[in-house]
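As structure tokens, the structure follows; a few thoughts come after it.
Lettering of chains follows the sequences in order, A, B, ..., and the numbering in each one begins at 1. Keep in mind that the numbers below use all heavy atoms, side chains included, and drop hydrogens, waters and symmetry copies. Computed from a predicted model, the values in this text were never measured in an experiment.
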4 protein chains.
Amino acid sequence: MSENNNPDSRKNSKYQQILQAAIKIFARQGYYKSTVSQVAREAGVADGTIYLYFKNKDDILDHFFSYKTREVFSCFQQEVRRADNALDKLRNLIRRHLLEFENDRDMAVVYQVETRMRRRLSDIKIKEMSDMYFDLVSSIVRQGQQEGVIRPDLPIALFKQVMIGAIDEVITTWLYSSGKYRLTSMADPLFELLIRGVGEKN
Amino acid sequence: MSENNNPDSRKNSKYQQILQAAIKIFARQGYYKSTVSQVAREAGVADGTIYLYFKNKDDILDHFFSYKTREVFSCFQQEVRRADNALDKLRNLIRRHLLEFENDRDMAVVYQVETRMRRRLSDIKIKEMSDMYFDLVSSIVRQGQQEGVIRPDLPIALFKQVMIGAIDEVITTWLYSSGKYRLTSMADPLFELLIRGVGEKN
Amino acid sequence: MSENNNPDSRKNSKYQQILQAAIKIFARQGYYKSTVSQVAREAGVADGTIYLYFKNKDDILDHFFSYKTREVFSCFQQEVRRADNALDKLRNLIRRHLLEFENDRDMAVVYQVETRMRRRLSDIKIKEMSDMYFDLVSSIVRQGQQEGVIRPDLPIALFKQVMIGAIDEVITTWLYSSGKYRLTSMADPLFELLIRGVGEKN
Amino acid sequence: MSENNNPDSRKNSKYQQILQAAIKIFARQGYYKSTVSQVAREAGVADGTIYLYFKNKDDILDHFFSYKTREVFSCFQQEVRRADNALDKLRNLIRRHLLEFENDRDMAVVYQVETRMRRRLSDIKIKEMSDMYFDLVSSIVRQGQQEGVIRPDLPIALFKQVMIGAIDEVITTWLYSSGKYRLTSMADPLFELLIRGVGEKN
DNA sequence: GATGAATGAGTTTTCATTCAT
DNA sequence: AATGAATGAAAACTCATTCAT
């Protein structure tokens, strides 16, 4: 109560309210089919209030990406640090990635669907994020190579694409599977597949 | 010439004109930011003419997916048949997939970006396509297992997701790379990575 | 009928309809208090139709100024040519100016009220018009000086301001006088006052 | 200092602050394109504070007209009283009118541009002001006629329109002339032109 | 008195779709 | 079949005004 009444947290709370509501609406209907009025109603504020916190409709999505990307990414880094050897780091990263998206389905939908749109518009934030991910994977791979558990001739840039693409698809498949299984249950199988590949060892 | 003057092929040609134009416009601006008028102008027809060949704006995208999916997919199947052993089939499938998208950049952009939107709306066509792809990969994998070149404990559904996701991401990365390299140059490295995995053989 | 049905006159007629309606509405309520919907209703067209003929609300006013200025001004020039000596030319110009505004009250109101706004925004059209008027008056004055009926030491630029300002104010006073007298009845008195001035001849 | 701290003068000072700020903003952007928030920011007060001193946005302009009209007009009267004979009175009135507008450019712009709008709405204040001006000019003219320096057949109402209109236009021309000359430098030429007229004496 | 966050009515503008020709 | 002018519903956004603090 009293905490919620100091101006700062009030503002913060409206901002968060609107952002949450927007993600919920965008997840349900897609960005373009969602209206500012719907977001306002969901957030329990007037239409005009949206514009006190966001420049325009697009800005809501921008803030979502900035905020969520930063948040998600810093938790990825923490997760990676939590392990010592490269393989555990990779496993943790994958599991964490899936866990984050499992925990916030609306966020996951919006992220999966709208990212592509913004990539086309060469959104800088998306590129930054992609680069950070590349660095993270790179350092893990190099460590793994020193540890002798990852082959030295691995094309890192390609591996990052395969890994990201695979995780993406696993998430997307889960999203549209009517929730019959837990997304995190895919972490270990996915990890193993990436490590061992498809081929018979010989 | 004379063929083009019989009503049927004329209709057909208008239909194709509009579809081509739409893909070009959608690729450049995205589906929602494209207007029917723009498509009409690009196609060299009147706005109203669009509605003689398509139910509405959405229907254009539907037809694109139906048409392109069918076309692309049948060429995937041909490609697979062209090889005998499982690994060559897989390699061919991957190369062909990349080649098709490299050959038609507009189609690639629209496919990559707008597919996600339609998946959310549980578009039946997308699901069909996904299933067909799964069957194709399945049969290759099973053949490979019989040939002893693919490990018998491979989780096929997951592998299909990894493969699709990886190809997707490789395509997307290429699309936004300002065309510095050929997409098909990624086929062999990608194939090899999927087969061998990341891990050091031991 | 048949004339109205050829495409050109149809378009022209819609364009004119909307322009007329806009002037009527703007005259009654002022530009800023008028809505595009009101103009559309008055013109008997849908809101969207306005935008087939005008870029935006502002553009309607622009077109009005371009069109009316050109029209009014060319009739001023004709009127001036109709007389031989300078004093008759001046008298004709003044009478014609008043007559034009008397004949189209709505136009007069919009012109008188909204011109100032546009002058501030240093609208080029308004400046052109002002210059043309200056040229017209200049040539009359010079002719009058040669004829010996206008004093040679007259500051022409200032005179043009006085004349324009006086006519403006006479029109404005008439506009808000609830139409008790004819505007053209002010032409001769005004002409005489400008010629003779206020002072007692001595 | 201490005077400024009693409630009444504080209120007065806020009132003046807001009025000044409003004129500055209105002059720059026009009444309709100016927002209450902009005025508040310029005045250094909160948006809501405006409504403690003014009924609404319109009321700010009303107060400006009341206040400025009264102020300007009383200084006109003083100026007239300062001279004995009619011609000097007229000359003083004209010079003073120009001087007041020269001294406060923002006020001048707002006055020139927005007066017309309010005239249309048959604003009572504007009418009062116009009547007062008429009385002032009337009495000067009648004095001049008795003194034998103004012709007895002068149509006074028309003369007042010519004079007001001329001064208006001289001011407006100056306002948009990028300040290359002093407005008051036009006083004597204008006075002379009104007195002598355009015609050659004969 | 003073604030400024919140409101929501009201506006401009767009654009998919229709239909008379 | 083809046209493209016309439609009008719907959306984003603004801003004067209010009111709880």
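D:Y15 and D:H63 share a side-chain donor-acceptor pair at under 3.5 Å. The closest side-chain donor-acceptor pair between B:Y53 and B:D59, if any, does not fall under 3.5 angstrom.
For A:E114 (side chain) and A:L61 (main-chain N/O), no donor-acceptor pair under 3.5 Å exists by modelled atom type. Listed for the A:Y31 side chain is a donor-acceptor partner under 3.5 Å among the backbone atoms of A:D58.
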Per-residue pairing states of DNA chain F in dot-bracket (Watson-Crick or G-U under 3.5 Å; . unpaired, | other strand) read .||||||||||||||||||||
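The interatomic distance linking D:Q38 (CD) with F:dA16 (C1') rounds to 13 Å, in whole Å. In this entry the distance linking CZ of B:F54 with P of F:dA1 reads 13 Å, nearest Å. Rounded to an integer number of Å, the gap from A:I60 CD1 to F:dA11 P is 15 Å. Atom CD1 of A:I50 is separated from atom C1' of E:dA5 by 14 Å (rounded to the nearest Å). Nucleotide E:dT12 holds its P atom 13 Å from the CG atom of C:L61, rounded to whole Å. Atom CD1 in C:I18 sits roughly 15 Å away from atom P in E:dT12 (whole-Å rounding).
Contact between D:V39 and D:I50 at its shortest, heavy atoms only, is CG1-CD1, 3.8 Å.
Residue C:L52 places its side chain closer to F:dT7 than to any other of F:dT7, F:dT3, E:dT7. Each of E:dA6, F:dA5, E:dA2 was ranked by its minimum atom distance to the side chain of C:Y53; first place goes to F:dA5.
Within the 4.0 Å cut-off from OP1 or OP2 of F:dA5, not a single side-chain nitrogen or oxygen of C:K14 is found.
A ring-ring contact (aromatic ring centres under 6.0 Å, His included) with B:Y111 is found for one member of B:F26, B:Y67, B:F65 and no other, namely B:F65.
Considering only residues two or more places apart in sequence or on other chains, C:K57 meets the side chain to side chain donor-acceptor pair (under 3.5 Å) condition with none of them.
Taking the six-membered ring where the residue is Trp, D:Y32 and C:Y32 present parallel rings, their angle staying beneath 30° rather than reaching 60°.
Interatomic distance, A:Q38 CD to A:R28 CZ, rounded to the nearest 0.5 Å: 8.5 Å.
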Heavy-atom contacts, protein to nucleotides 13-21 of chain E, under 4.0 Å, summarised as B (base), S (sugar-phosphate only) or - (none) per nt, yield BBSSBB---
